[in-house]
2 protein chains.
Amino acid sequence: MTTRERRRRVTIADVARHAGVSTTAVSKVLRNAYGVSAAMRDRVKAAIDELGYRPHASARAMRGRTYTIGVLLPDLRNPFFPEILDGLYEQLDGTGYQVIIVLGGRDAKAETRAIDALVDRQVDGMLMVAPRVPRTRLEEVGGQLPTVVLGPHEKSALYDAVLDDDEIGAELVVRHLISLGHRRIAHIGHRENAGRRTAAMLQTIRAVTYERVMREHGLDDEIAMAMTTYSEEGGYEGARELLARSPRPTAIFAGADLAAFGALTALHEAGLAVPADVSLAGYDNTRTAALSDISLTSVDQDGGVMGGTAGRLLLERIEGRTSSVTFSVTPTLVPRRSTAPPPAETRTA
Amino acid sequence: MTTRERRRRVTIADVARHAGVSTTAVSKVLRNAYGVSAAMRDRVKAAIDELGYRPHASARAMRGRTYTIGVLLPDLRNPFFPEILDGLYEQLDGTGYQVIIVLGGRDAKAETRAIDALVDRQVDGMLMVAPRVPRTRLEEVGGQLPTVVLGPHEKSALYDAVLDDDEIGAELVVRHLISLGHRRIAHIGHRENAGRRTAAMLQTIRAVTYERVMREHGLDDEIAMAMTTYSEEGGYEGARELLARSPRPTAIFAGADLAAFGALTALHEAGLAVPADVSLAGYDNTRTAALSDISLTSVDQDGGVMGGTAGRLLLERIEGRTSSVTFSVTPTLVPRRSTAPPPAETRTA
DNA sequence: ATGAAAGCGCTAACAA
DNA sequence: TTGTTAGCGCTTTCAT
């Protein structure tokens with residue numbers, strides 16, 4: 001009878017004693033397992049309620065499931081992530097699964113630790129949103145537990161993939177700008193310093209597609225990219241860099257709304273009006289983009305559907321599916337007031 | 001020799017065998033515990049590296065610590081939360097503690113489940129950001145494990161509190177508007193339907209302080225409040241309600257930036273210019289507020305310091321402190337272009 | 001300084 | 001249908 005520092009929690013043994021049954025019986029009731037009479041079930045449930053019993057997750061983890069889904073998020077600032085989580089929660093509602101979130105943080109090392117933390121805590125399934133660790137690491141995780149990767153365009157036999165068709169999304173933006181009459185269209189991208197597998201990363205696809213569409217329209221010479229990061233700071237720096245060129249671009253396609261917001265600041269500081277002087281488009285169709293003072297043209301990729309699908313795939317894997325699945329969402333363009341035909345004197349180009 | 005579904009993880013016994021020592025020795029090395037020779041430490045560390053061993057969190061939880069800090073967040077959309085988390089992570093960096101986040105979700109019931117999930121997973125410490133469960137629940141948690149509550153203005157012997165001096169913050173805003181010449185200043189607040197303990201909630205303090213300052217300036221009759229929620233939707237509805245009044249307010253103090261953004265949309269729809277027709281101020285000084293197209297006057301409460309302090313207090317409690325501490329941050333006003341003197345014809349009031 | 005062994009709360013064989 | 005019991009991987013007395 002050790003005196004625990006804090007009041008001892010109710011255990012399955014307490015419930016069993018209180019109900020006058022075995023711990024096995026209680027365990028079975030908890031898991032809705034086969035082989036308990038209605039009477040037994042009622043007695044046990046009553047005892048659970050009376051004692052206010054809740055199972056110790058760690059003890060369960062030692063033998064079975066934790067009823068936990070782990071989610072890796074790169075950060076908390078990207079307004080696209082809540083959409084994903086909303087879809088996930090909706091899908092998981094009523095299943096008894098709890099979601100815990102860890103943050104990847106600044107570098108790949110921090111992200112590795114965050115993923116490890118989830119594995120070490122024995123989550124039953126893991127959703128990795130826009131991970132930047134090497135593909136081998138993703139497969140290691142996928143080999144150990146049900147895993148869904150959201151973002152990167154790389155399929156694997158070891159995990160499911162949910163992704164936005166970033167190629168279509170980028171095409172929509174660049175063609176939209178071209179159809180408005182722009183030629184000097186620049187791009188703000190995200191450079192991942194850490195890793196290989198860049199070809200599969202969504203930021204690479206957006207950038208490469210931008211280049212391709214430009215070429216397809218004979219705008220090879222107008223290609224201008226600033227590779228910073230998908231963040232406000234990155235967008236600010238990228239825009240400053242692009243605006244310093246001569247002649248300056250008449251349109252900027254930022255690979256993420258967040259970067260577009262930073263670009264907006266840079267444009268203002270440079271005394272340039274949007275869209276009168278420079279058109280601006282983003283990606284993600286965040287709520288801020290929809291604010292009428294911002295009214296940013298953007299690409300909508302339905303994060304709710306993506307998150308919900310990720311949840312469904314995770315549950316399927318937990319239930320035993322071993323084959324690999326890829327789910328692709330087709331994005332749509334949401335034109336707003338931040339994009340318009342280029343100013344007249346542009347013809348100097 | 002049960003064949004686990006997936007490849008069995010390396011355990012402490014494997015490490016012990018590999019190093020030719022006891023599991024006790026390995027455990028001690030892991031925890032930097034007293035009573036291991038340098039030679040032993042080196043051998044064990046080598047074995048750990050060679051085998052790529054990482055402790056099972058759940059197994060540790062059964063006997064000791066989980067090295068986990070649990071954070072409860074109401075949602076992922078409030079741009080103030082990342083600031084808090086940044087401070088927390090910085091404080092925890094290098095301590096070996098991992099942060100896991102759970103989301104409170106829509107109602108108090110969901111929040112209760114989220115908190116339970118953290119308790120059931122035996123986190124070593126818990127940070128509850130703007131919780132809405134009853135105070136008794138907070139104290140229950142505080143009685144079981146090191147706890148810090150961020151937001152509510154209620155001290156307790158059972159947990160530490162980190163809070164913004166919302167009274168000062170609200171005063172700053174209302175006095176700022178009054179000094180600009182406004183009289184018909186309205187407020188958009190957050191009504192919690194679920195709970196008691198409203199008097200201590202930050203939203204109540206902001207609303208009550210608004211009323212008090214109005215009265216102190218003889219503006220009793222101009223008090224107008226729309227109690228919705230601190231969200232974009234809430235701000236939108238609140239503003240529509242306030243703008244429907246006649247005469248309409250010349251200034252709106254939204255209790256949160258998020259609500260101010262919603263109000264912005266409503267103002268635009270009503271064809272009203274900010275600040276020419278209506279001045280608008282928020283609270284939280286989020287990044288979006290700083291965007292030059294928005295340029296929202298707001299109250300800055302240094303979430304980084306709040307989060308960092310919460311982390312420090314948590315570590316102190318884990319190390320044994322039992323006395324209760326309250327830490328209050330004094331906010332500052334950040335005036336921007338969204339607030340200006342009222343339009344001239346206002347004198348009809 | 002080192003190790004043997006008990007036990008944390010639960011689940012799953014296996015018996016009854 | 002119900003109960004007994006052996007662990008899961010770790011920490012922690014308590015011997016040595």
Side-chain angles (χ1 to χ4, degrees), chain A residues 1-44 47-48 51-68 119-122 124, chain B residues 1-44 47-48 51-68 96 119-122 124 144:
Chain A
M1 181 152 311
T2 44
T3 328
R4 314 285 296 162
E5 14 168 6
R6 315 260 176 174
R7 190 163 60 264
R8 202 177 63 84
R9 275 190 65 162
V10 178
T11 74
I12 202 173
D14 296 324
V15 176
R17 202 174 309 121
H18 190 82
V21 300
S22 72
T23 57
T24 305
V26 180
S27 176
K28 283 191 172 178
V29 171
L30 285 175
R31 291 172 293 119
N32 288 311
Y34 177 81
V36 268
S37 64
M40 168 75 84
R41 163 165 275 100
D42 292 346
R43 289 181 63 184
V44 171
I48 288 176
L51 267 40
Y53 166 78
R54 291 201 317 268
H56 254 74
S58 355
R60 304 187 98 168
M62 299 285 297
R63 302 293 295 170
R65 299 183 175 180
T66 53
Y67 300 93
T68 307
V119 174
D120 296 345
R121 278 159 189 75
Q122 330 253 120
D124 295 333
Chain B
M1 183 152 309
T2 45
T3 329
R4 313 286 296 163
E5 11 169 5
R6 314 260 178 175
R7 191 164 59 266
R8 203 178 62 84
R9 275 189 65 161
V10 178
T11 73
I12 202 173
D14 298 323
V15 175
R17 201 174 309 118
H18 190 82
V21 300
S22 71
T23 58
T24 308
V26 179
S27 175
K28 282 189 173 177
V29 171
L30 284 174
R31 291 171 293 117
N32 288 311
Y34 177 81
V36 267
S37 64
M40 168 76 83
R41 163 164 275 102
D42 291 346
R43 290 182 63 184
V44 171
I48 288 175
L51 267 43
Y53 167 77
R54 292 201 317 267
H56 253 74
S58 354
R60 305 186 96 169
M62 299 284 297
R63 302 290 298 175
R65 299 183 175 180
T66 53
Y67 299 93
T68 306
V119 173
D120 296 346
R121 279 158 189 73
Q122 331 250 123
D124 295 333
Q144 289 182 242

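So that the names make sense, note that chain A is the first sequence line, chain B the second, and so on, each numbered from 1.
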Can you tell me how far apart [atom1] ([X]) and [atom2] ([Y]) are? Round to the nearest 0.5 Å.
{"X": "B:Y67", "Y": "A:R121", "atom1": "OH", "atom2": "CZ", "value": "11.5 Å"}
{"X": "B:Y53", "Y": "B:H18", "atom1": "OH", "atom2": "NE2", "value": "14.5 Å"}
{"X": "A:M40", "Y": "A:S22", "atom1": "CE", "atom2": "OG", "value": "6.0 Å"}
{"X": "B:H56", "Y": "B:M62", "atom1": "NE2", "atom2": "CE", "value": "12.0 Å"}
{"X": "A:L30", "Y": "A:T23", "atom1": "CG", "atom2": "OG1", "value": "10.5 Å"}

Fill in: Annotated protein contacts, base or backbone, on nucleotides 10-16 of chain D with a non-hydrogen cut-off under 4.0 Å, one of B, S, - each
BBB----
Item to complete: Within residues 34-44 of chain A, find the residues that approach DNA chain D with a heavy atom at under 4.0 Å, and present them sorted by residue number.
Response: A:G35, A:V36, A:S37, A:M40
Practice prompt. Without swapping roles, check the side chain of A:D42 against the backbone of A:A39 for a donor-acceptor pair under 3.5 Å.
Written response: no
Fill in: N/O donor-acceptor pair under 3.5 Å between B:T66 side chain and B:Q122 backbone
yes
Discussion item. Less than 4.0 angstrom from a charged side-chain N to a carboxylate O is my criterion; do A:D120 and B:R9 meet it?
Written reply: yes
Discussion item. Output the rounded distance in Å from CD (B:Q122) to C1' (D:dG9).
Written reply: 14 Å
